[in-house]
Q: 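One structure follows; several queries about it will come next.
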Number of protein chains: 2
Amino acid sequence: MGTEYDVKKEVSDKYSLRGRVFSKLREDILSGKYKEQEELREVAIGEELGVSRTPVREAFRQLELEGLIQIIPNKGAYVTGITPKDVRDIYMMRSLLEGLCARWATENISEEKMEEMEENIYLSEFHAQKGHYEQLAELDNRFHEIMYESCNSKMLEHTLRDFHQYVLQVRKKNLASIQRGKASNHEHKLIMEAIKEKDASKAEQLANTHMINAYQNMINHGFENTIEDHEKKL
Amino acid sequence: MGTEYDVKKEVSDKYSLRGRVFSKLREDILSGKYKEQEELREVAIGEELGVSRTPVREAFRQLELEGLIQIIPNKGAYVTGITPKDVRDIYMMRSLLEGLCARWATENISEEKMEEMEENIYLSEFHAQKGHYEQLAELDNRFHEIMYESCNSKMLEHTLRDFHQYVLQVRKKNLASIQRGKASNHEHKLIMEAIKEKDASKAEQLANTHMINAYQNMINHGFENTIEDHEKKL
DNA sequence: ATGCGTATAATTGTATACAATTATACGAAA
DNA sequence: TTTCGTATAATTGTATACAATTATACGCAT
């Protein structure tokens, strides 16, 4: 009953100019192409990408709401950027919310999603052994996506997806360590098992720790030099 | 040192057409003027508000990112709405994040903000006794705002402000109970004292409970009939 | 030289025109 | 009657034109 359309929700439609501008700008900001406080001019961006101001402006409004730029009315759009401290904060927030997500997923996950999760674990172990980084990263993303989709909360799903997207660039480099890859897989497996056993508290606690570990690993592999400069500000 | 511009960050600039359209639509969606799945047409909205499609479109893009509408490319904008379950989920998420915010505020709050917070408590007690609902609601908002501003985390501040805004409409009715008002004040006071004593864990736990209580009170005063219909879906 | 005021340029805000896509109506064939 | 295809209308996507605001340059008075 109830015909369900599995409309694949694109983060931003790839086939509209606005969507492409949005994605491009977000990527450029997160990758550091545009420095903090740099002013983004509509015509300049438009010319660079070969589009008019209209889609650029719409993309700007979205970027503002994502917190990546600040728009001062009648003045301009300024890059907010993402600092190492922002990344830290997001991981702390994610730690709590991914925990909640794991808890709710335990209570609401469907048969199909549960199976997909198990499959994800086994595939990950395979690719980890083979050293297939790209597939591993993809499966890692997918694992979290499955959790988001299974928690039965539009709001939480939306929030976590945002955060996930936000730190994706930074995380890419991180998972490219085979050790962390394997450790991460193991943690995923424990979470999956807790969900399967319907032990919500355990799943929550594990997901919690999983995020902390991911962050800890990150600052132990090339991220600490940048974060330490900012730690002093804390 | 370091001239600090106290640029008051408006949620969305009131003086641009786009900002007004955005605020109006958000209010109308949250208040239930537009039903779920209802299609919003750019020209219709524009004519109703006396503006062209341009500001309407930009507002749409923002509403989409806030999750209030879903835009299907080349097709239309459909109201997502906010269900009682969404409200519940947000309160659960807020419970965790307000806790984290209280913890960080304990570690980072400035002298000035600490004093403003104390002042806020005393003023609230006064207005609670007098039965001044509007001032009480305003002070309640401000208390949380002070916390957000004091946690020293742009990301967390941004996220919590979003959530806060999201449930504002619903919450209005809620605080208009003098009992809850006083109870809420007392909880604020305990949080404030914990922050002042630099007991971060205590502050976190109190802020945590404060949110749960606020939600519990809400569903016990006129919200439960609507939520219960949705509880069955859980 | 410095500060101020005005004119000019640059930039953003909004409206409108046009293009592309999607929905609808209607008629012909089965 | 139903189904399909096509023409038409409606709606969104994009570009451009114009208005309003802000930044800049330059001359003048001090």
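Every chain is numbered from 1, with letters handed out A, B, ... down the list of sequences. These figures come from a predicted structure and were not determined experimentally.
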Q: Rounded to the nearest Å, what distance is computed from the CZ atom of residue R41(B) to the P atom of nucleotide dA10(D)?
A: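 Distance, rounded to whole Å: 11 Å.
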Q: Which distance, rounded to the nearest 0.5 Å, do you find between the OH of Y148(B) and the OG1 of T159(B)?
A: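 Between Y148(B) OH and T159(B) OG1, I get 10.5 Å after rounding to 0.5 Å.
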Q: Side chain of N120(B), backbone of L139(B): donor and acceptor closer than 3.5 Å?
A: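 It does hold such a pair.
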Q: Tell me every residue that passes ring-ring contact (aromatic ring centres under 6.0 Å, His included) with F143(A), counting only those two or more places apart in sequence or in another chain.
A: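 Counting only residues at least two positions away or on another chain, F143(A) forms a ring-ring contact (aromatic ring centres under 6.0 Å, His included) with H188(A).
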Q: Please test E149(A) against K113(A) for side chain to side chain contact (heavy atoms under 4.5 Å, CB included), starting from the C-alpha separation and ending with a verdict.
A: CA-CA 8 Å; E149(A) 292 166 4; K113(A) 286 283 160 62; 3.3 Å; yes
Q: Over how many whole Å does the gap from L40(A) atom CG to dT11(C) atom C1' extend?
A: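 It works out to 13 Å between those atoms.
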Q: Whole angstrom is fine here: how far is it from CZ in F22(B) over to P in dG13(C)?
A: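 Taking atom P of dG13(C) as the reference, CZ of F22(B) is at 15 Å.
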Q: Before accepting this row, confirm whether a basic side-chain N of the pair K33(A)/E48(A) lies closer than 4.0 Å to the acidic partner's carboxylate O.
A: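 Looking at K33(A) and E48(A), the cut-off is met.
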Q: Show, in sequence, the C-alpha distance, side-chain angles and deciding distance for T83(B) and D86(B), and conclude whether the side chain to side chain donor-acceptor pair (under 3.5 Å) test is met.
A: CA-CA 5 Å; T83(B) 67; D86(B) 290 335; 3.3 Å; yes
Q: How would you summarise protein contacts on nucleotides 14-24 of chain C per nucleotide, using B for base, S for sugar-phosphate only and - for none, with heavy-atom distances below 4.0 Å?
A: BBBB---SSS-
Q: Taking atom P of dT12(C) as reference, at what distance in whole Å does atom CZ of F60(A) sit?
A: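 Atom-to-atom, F60(A) to dT12(C), this comes out as 7 Å.
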